[in-house]
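Every number for a ligand or one of its atoms is a count from 1 in the order of the listing. Heavy atoms only: backbone and side chains are in, while hydrogens, waters and symmetry mates are out.
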Amino acid sequence: MIKNKHAKLFVGFFLFLMQHSFAQNDLSQLPPLLVSQNGKSISTKEQWEKTRRPEIKDMFELQMYGKVPGKLKIASVKILEMDNQALNGKAIRKQVRLTFKGNGKELAVEMLMYLPKGKKSFVTFLGYNFNGNHSTISDTSVHIAKAWNGPSKPRSAESARWPIETIIQSGCGVATMYYWDIAPDRNDFTIGVYPLLYKQNQLKPADDEWGALAAWAWGLSRGLDYLETDKNLDAKKVIVIGHSRLGKASLWAGALDQRFAGVISNCSGSGGAAISRGKEGETITKLNANFPMWACGNFKKYSNNESALPFDQHMLLAMIAPRPLYVASASEDLWADPKSEYLSAFYASDVYKLYGLKGIETNVFPKVEDPIIGQVSYHIRNGKHDILLYDWNNYIQFAHQLIK
Ligand code: GCU
């Protein structure tokens with residue numbers, strides 16, 4: 001009887017430790033978010049903006065994602081197609097080609113947009129798709145994208161990830177581009193945007209110059225440059241969104257480019273929202289080994305050496321403050337590690353507090369499908385690594401509630 005009680009207590013204590021230990025361990029190991037490099041503590045939003053945020057930006061730029069090696073603006077815009085009666089008359093559809101020029105080379109990127117009709121000011125979600133614009137919807141007017149990696153995917157192959165009708169019905173717009181158009185998702189720096197900015201005889205980016213995540217992030221900002229010129233929407237209300245590797249890119253884009261009104265990371269995991277220290281599933285070592293082209297060359301020195309990182313991913317999320325931020329996970333996505341994603345949002349919340357805003361208030365992991373929607377939002381969906389209607393429904397609510 002007593003033994004039994006002890007056993008129960010022991011198991012209970014063990015479970016408690018499981019729930020809380022990671023948070024407590026990590027808190028002490030994380031580089032301090034609110035202490036500047038000269039050792040001064042940061043206690044106001046002015047100090048944050050003037051001193052700490054730029055320090056953090058520089059660290060991520062030089063050590064992790066890599067810097068953009070030059071300026072490259074949109075050279076020309078061509079409206080390829082527009083229809084005011086799309087989706088049974090509910091939406092405006094637009095397909096636009098953005099062309100970039102550099103070193104005698106050209107890069108063309110197509111953006112597909114669906115915008116709600118009869119509204120003046122609404123939120124537009126901007127994000128990449130994995131398989132070409134035509135893969136997001138069955139609409140046969142959408143151009144079939146050039147496939148960069150094998151045969152073209154069928155129309156609407158990725159449509160479960162893009163509930164476009166629901167988004168339009170909610171009164172929001174959506175704009176998407178194919179990420180390979182900007183930079184290839186393989187260890188190849190001969191195509192995509194890179195060669196347009198090479199110096200003479202350069203064959204690949206230097207160790208502190210962009211990897212693919214930074215190139216994709218750059219492309220999202222150029223997408224926003226275009227949206228700022230488009231009279232059919234309000235570019236002050238653009239939320240940058242991405243799933244998985246494209247969520248990593250959307251976070252870096254949103255962190256750097258403060259024109260984005262809000263930022264959503266869906267299952268972005270390692271190198272995205274998740275704190276690297278103590279991370280389960282995909283570690284920095286694995287990320288660098290399997291996807292050497294994503295981060296910059298300098299980041300390789302942190303393989304098997306996470307504790308040497310002068311920053312961690314909660315600082316990336318903090319760079320988004322005070323703008324609304326949404327981090328989401330999926331219960332079976334242990335590779336991304338939901339707990340490390342959640343804790344990152346929790347720690348980043350300290351910077352939101354400097355602005356008098358409420359972030360994530362507890363490090364106790366929330367229940368599955370019990371979303372926290374606020375300036376810093378989080379949910380964990382039931383199921384696999386993916387972005388699905390459940391996620392979008394919450395993002396739509398977040399957009400309506402927080403982007404004014
Ligand atoms: C791999 C990779 C992840 C990435 C994911 C995806 O699983 O290890 O880091 O997020 O692909 O982009 O789907």
(message) Could you measure the distance from the OH atom of Y194 to the CG atom of L107? Nearest 0.5 Å is fine.
(response) 11.0 Å
(request) Applying salt bridge (Lys or Arg N to Asp or Glu O under 4.0 Å), name anything that partners K119, two or more places apart in sequence or on another chain. (result) none
(message) I'd like the residue list for ligand 1, meaning every protein residue with a non-hydrogen atom under 4.0 Å from the ligand.
(response) S244, R245, K248, E282, L287, F291, W294, W335, H385
(message) So that I can tick it off, tell me whether D188 and R186 are bridged by a salt bridge, with the cut-off set at under 4.0 angstrom between side-chain N and carboxylate O.
(response) yes
(message) Between F311 and F60 (judged by ring centroids, cut-off 6.0 Å), do the two rings come close enough to count as a pair?
(response)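 Yes - the distance between ring centres of F311 and F60 falls below the 6.0 Å cut-off.
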(message) Ring centres under 6.0 Å, that's the criterion: do H379 and Y395 meet it?
(response) yes
(message) Angle between ring planes, F299 versus Y302, binned at 30° and 60°: parallel, tilted or perpendicular?
(response)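 Because their plane-to-plane angle lies in the 30° to 60° range, the rings of F299 and Y302 count as tilted.
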